[in-house]
Amino acid sequence: MNAASLPNSAAPDAGRSRLEGAQPIQLIPAPRPGQSAPHEPALAGLVPFSSVDWPGQLAAVLFIGGCPWRCHYCHNPHLQERSSQYRWQAVRDWLHSRRGLLDGVVLSGGEPLSEAALPGMIAELKAMGFKVALHSAGIYPQRLAAVLPDLDWVGFDVKTDADGHDALTGRVRSHWPTGISLEMLLASPCAFECRTTWSPAWLSETRLLALAESLAERGVRHYAVQNYRSSPDVPPDAVLSLSAQSQLAQWFERFEYR
Ligand code: SF4
């Protein structure tokens, strides 16, 4: 995913140290030889406070380890493999202490829908009184359908157009599930934003505009273009032209260029 607080703060170690400053969290001990590990949600990272991962909301961000895609620009390859750094029970206890201080919780990744326990986690977060948001690339339409009624907001990655999709994700027919997921979002009352991490290295400005226009025609109302940076501290390798920004702003009720 392309969470705004990524990539630095999503690194498990960074998230852990920031959390420990607020409240100790129990790490998962390695199983002893011959001992099978109990099932734990793949909680690979945590940012305790974020104002940039869910527009207008102060939220904690939980990063699920696991993603079947291999986007060539992925800033978080450590989140592609399933891995756990935190016990769900410990995180849940910590979140309990944050009721009234946080508006909600963002489930990011990796691809958070790769976690089979996600529906139960969402139900528990809602029971605690939190609003819940999901960052997803739409890889698992059926799993999205199962949790969509319980979500308050979705940040939906539109990686690129159909022609370039498989080359970007490293997976064949990867465009197919995203189209189904987008249809579900459009048919749902859940608020959502589509966003594209952009570089002319894989998507020309002309193709980006064609992609955005097709999204607008399908009914997408909120869209963001995020400049690709090879690391957070370096400037983007290209800047969207002012004419393109102006055109995009006309197509959407809300457009952001980040
Ligand atoms: S969808 Fe792509 S960018 Fe997001 S976690 Fe998976 S490989 Fe990385």
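Both ligands and their constituent atoms are indexed starting at 1 by order of listing.
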With atom 3 (S) of ligand 1 as the reference point, say which of Glu111, His78, His135, Lys159 has the nearest heavy atom. Lys159
Name all pairs fulfilling the salt bridge (Lys or Arg N to Asp or Glu O under 4.0 Å) condition that reach into residues 239-253, sequence neighbours left out, sorted by first residue then second. Arg221-Glu253
Restricting to side chain to side chain donor-acceptor pair (under 3.5 Å), what partner residues turn up for Ser199, sequence neighbours left out? Asp237
Do Ile180 and Leu151 belong to the same hydrophobic cluster, where Ile, Leu, Val, Met, Phe, Trp and Tyr are linked whenever their side-chain heavy atoms lie under 4.5 Å apart, directly or via other members? yes
Under a 4.0 angstrom heavy-atom cut-off, which atoms of ligand 1 come close to Trp69? 1 (S), 7 (S)
Within 4.0 Å of some non-hydrogen atom of Gln80, the atoms of ligand 1 are 7 (S)
Mark up the atoms of ligand 1 that fall under 4.0 Å of a heavy atom belonging to Cys71, in ascending order. 1 (S), 2 (Fe), 3 (S), 7 (S)
Restricting to heavy atoms, the pick from Ser174, Pro112, Ser114, Cys67 nearest atom 1 (S) of ligand 1 would be Cys67
Using the six-membered ring wherever Trp is involved, compare the ring planes of Trp54 and Trp153 and label them parallel, tilted or perpendicular (cut-offs 30° and 60°). parallel
Under a heavy-atom criterion of less than 4.0 Å, does Gly109 contact ligand 1? no
Answer with yes or no after comparing the ring centroid distance for Tyr73 and Trp202 against a 6.0 Å cut-off, counting only values under it. yes
